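Have a look at the structure below before the remarks.
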Number of protein chains: 2
Amino acid sequence: MIHDAHKNIVEETKSKMPNTDTLFELADFFKVFGDSTRIRIMCALFEQELNVCCIADIVGMEQSTVSHQLRVLRQENLVKVRRDGKQSYYSLEDEHIQKIFEMGLEHILE
Amino acid sequence: MIHDAHKNIVEETKSKMPNTDTLFELADFFKVFGDSTRIRIMCALFEQELNVCCIADIVGMEQSTVSHQLRVLRQENLVKVRRDGKQSYYSLEDEHIQKIFEMGLEHILE
DNA sequence: ATAACATATGAATAATTGTTCATATGTTCA
DNA sequence: TGAACATATGAACAATTATTCATATGTTAT
C-alpha cells in the first residue's frame with residue numbers, strides 16, 4: 001500500500017538521522033555564522049589576533065556591539081581571549097572555521 | 001606611535017578581507033543553516049529525495065511550516081524540486097552541504 | 001589613590017524570523 | 001465538471017536577536 005510505503009520511508013529516514021538533540025546543537029552552532037558582524041569579526045581574525053578596539057574599527061561598529069558578539073563567539077568556542085594589560089586579544093579557536101568559510105564562499109560564488 | 005600601529009593594523013586587515021558585500025551574502029547563506037527545522041530537513045534529504053508530507057512527518061511539523069522552509073532552502077539554491085503528479089519531491093542541490101554539516105558536527109562533538 | 005583607558009555587561013529598543021491558521025493553487029481521477 | 005488530495009502562500013502572532021546607550025569592571029601609570 002502507498003500509505004505503508006510512506007510510513008516506511010518516514011521511519012527509515014528517521015532511523016538514519018543523527019539524534020534530534022545533536023541537530024538542534026548543530027543549528028545553534030551555525031546560527032553563530034548567520035550574522036554579518038560575527039562573520040566579519042571572524043574574517044578579520046583569519047589574519048592575526050586583534051584587540052577589541054581594532055576589531056570595532058575594522059567592522060565599523062560600536063565597541064559594545066563587538067564585545068557582545070565576541071561573547072557569543074566565545075560561548076561557541078570559536079574564539080579565545082588573551083589578556084595583555086588593558087587589552088584583550090582575540091584569536092580563532094578552531095580550525096573548522098576556515099573550511100566552513102571556504103565551503104560557504106564556494107557556494108555563493110557559483 | 002601606538003596610534004599609528006593601530007591604524008596600520010586596521011587598514012591592513014581590511015585590505016586583506018573579502019569585500020563587505022560578499023561577507024553579508026555569506027552570513028545570509030549561513031543563516032539558512034541556523035534553524036533546526038531546516039537542518040533536520042536537509043539532514044533527511046541526505047538519504048534520498050522526499051516529498052513534502054514525508055518531510056513534515058519526519059521533522060514533526062506542519063506541512064505549511066515545511067513548505068515555507070523549503071522555499072527558503074530553494075531561494076539559497078540548497079534544494080531542488082521535481083514535480084511528480086500531485087507531489088513535489090525535494091532533493092539536495094549542492095555538494096557543499098554535506099561538508100559543511102561534517103565540519104559543524106566535528107566541532108560540536110569535540 | 002585617582003585619572004585615563006580598554007573591555008564587559010545590563011536594560012531597552014527595533015528589527016527579523018519561525019510558526020500557525022486559513023486559504024489559494026495545482027493535479028489527478030471519477 | 002467536481003471531489004479529493006498535495007503543495008504553496010498570505011497574514012498575524014510570538015519569540016528571538018542585534019544594536020545602542022549607559023555604566024560597571026579591570027588595568028596601568030602618575
Side-chain angles (χ1 to χ4, degrees), chain A residues 1-3 5-7 9-10 23-24 27-42 44-45 49-76 79-91, chain B residues 1-3 5-7 9-10 20 23-25 27-42 44-45 49-76 79-91:
Chain A
M1 264 198 285
I2 288 176
H3 188 256
H6 170 99
K7 216 175 163 185
I9 288 172
V10 169
L23 296 179
F24 272 80
D28 283 339
F29 172 66
F30 285 127
K31 214 167 275 177
V32 181
F33 289 77
D35 175 77
S36 58
T37 301
R38 288 191 294 264
I39 282 283
R40 284 182 299 150
I41 291 173
M42 286 187 272
L45 293 176
E49 68 166 13
L50 294 166
N51 62 36
V52 178
C53 90
C54 278
I55 298 174
D57 275 5
I58 291 166
V59 304
M61 312 218 75
E62 300 284 328
Q63 172 267 316
S64 160
T65 306
V66 171
S67 268
H68 280 298
Q69 297 300 4
L70 285 167
R71 182 155 51 102
V72 175
L73 293 169
R74 252 187 285 126
Q75 282 166 345
E76 283 288 343
V79 300
K80 55 176 183 284
V81 212
R82 173 178 75 80
R83 258 275 177 184
D84 181 21
K86 282 184 277 192
Q87 282 141 347
S88 296
Y89 285 90
Y90 282 82
S91 56
Chain B
M1 267 198 283
I2 288 177
H3 189 256
H6 171 100
K7 215 174 164 186
I9 288 171
V10 170
T20 308
L23 295 178
F24 272 80
E25 273 185 67
D28 283 339
F29 172 67
F30 285 127
K31 213 167 276 177
V32 181
F33 289 77
D35 174 76
S36 58
T37 301
R38 287 190 295 264
I39 282 283
R40 285 182 298 151
I41 291 173
M42 287 188 272
L45 294 176
E49 68 167 13
L50 294 166
N51 62 37
V52 179
C53 88
C54 277
I55 298 174
D57 274 6
I58 291 165
V59 304
M61 312 219 77
E62 301 282 328
Q63 172 268 313
S64 160
T65 306
V66 170
S67 268
H68 279 299
Q69 297 300 4
L70 285 167
R71 183 155 51 101
V72 174
L73 292 169
R74 252 187 285 125
Q75 282 166 344
E76 283 288 344
V79 299
K80 54 175 182 286
V81 212
R82 173 178 75 80
R83 258 277 177 182
D84 182 20
K86 281 182 277 193
Q87 282 142 348
S88 296
Y89 286 90
Y90 281 83
S91 57

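The shown structure was predicted, so the numbers you read here are calculated from the model rather than taken from an experiment. In what follows, chains are A, B, ... by sequence order, proteins preceding strands, each numbered from 1.
When heavy atoms are screened at a 4.0 angstrom cut-off, Ser67(B) is found touching base atoms of the nucleic acid.
Contact annotation: Thr37(B) does not reach the phosphate of dG18(C) (side-chain N/O to OP1 or OP2, under 4.0 Å). An OP1 or OP2 oxygen of dA6(D) is reached within less than 4.0 angstrom by no side-chain nitrogen or oxygen of Tyr90(B).
Residue order along DNA chain D, read from the 5' end via each residue's closest nucleotide, puts Gln69(A) first among Gln69(A) and Gly85(A).
Within the structure, every pair that satisfies the salt bridge (charged side-chain N to carboxylate O under 4.0 Å, His left out) test and touches residues 29-40 of chain B, not counting sequence neighbours, is listed here: Asp28(B)-Lys31(B). Applying the salt bridge (charged side-chain N to carboxylate O under 4.0 Å, His left out) rule to pairs touching residues 49-72 of chain A yields Glu49(A)-Arg82(A), sequence neighbours excluded.
From Tyr89(B), atom OH reaches atom CG of Asp84(B) across 5.5 Å, with rounding to the nearest 0.5 Å. In this structure, the separation between CE on Met42(A) and CG on Leu70(A) is 10.5 Å, given to the nearest 0.5 Å.
Taking atom CG of Leu73(A) as the reference point, atom P of dA8(C) lies 12 Å away to the nearest angstrom. If you take CE of Met61(B) and C1' of dT7(D), they are 18 Å apart, rounded to a whole angstrom. At whole-Å resolution of the value, NZ in Lys31(A) and C1' in dT16(D) are 8 Å apart. When the C1' atom of dT17(C) is taken as reference, atom CZ of Arg38(B) falls 8 Å away, rounded to whole Å. Counting to the nearest Å, the P atom of dA6(D) and the CD atom of Glu49(B) are 17 Å from each other. To the nearest angstrom, P of dA6(D) lies 15 Å from CG of Leu50(B). Counting to the nearest Å, the C1' atom of dT7(D) and the NZ atom of Lys80(B) are 19 Å from each other. Rounded to a whole Å, the CD1 atom of Ile41(A) is 12 Å from the C1' atom of dT19(D).
When distances are taken from the side chain of Lys86(A) to each of dT27(D), dT20(D), dT9(D), the shortest belongs to dT27(D). Distances were taken from every side-chain heavy atom of Asn51(B) (C-beta onward) to each of dT7(D), dT9(C), dT9(D); the shortest belongs to dT7(D). Here the side chain of Val52(A) is nearest to one of dT7(C), dA6(C), dG18(C), namely dT7(C).
The shortest heavy-atom contact between Ala44(B) and Ile58(B) is CB-CG2, 4.1 Å. Taking all atoms of both residues into account, the shortest heavy-atom contact from Phe30(B) to Phe33(A) is CB-O, 3.4 Å.
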Under 3.5 Å, N/O pairs linking protein and nucleotides 21-25 of chain C:
unit_1  : atom_1 : unit_2   : atom_2 : d
dC21(C) : N4     : Ser64(B) : OG     : 2.6

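Side-chain contact between Asn51(B) and Tyr90(B): absent, with no pair of heavy atoms (C-beta onward) separated by less than 4.5 Å.
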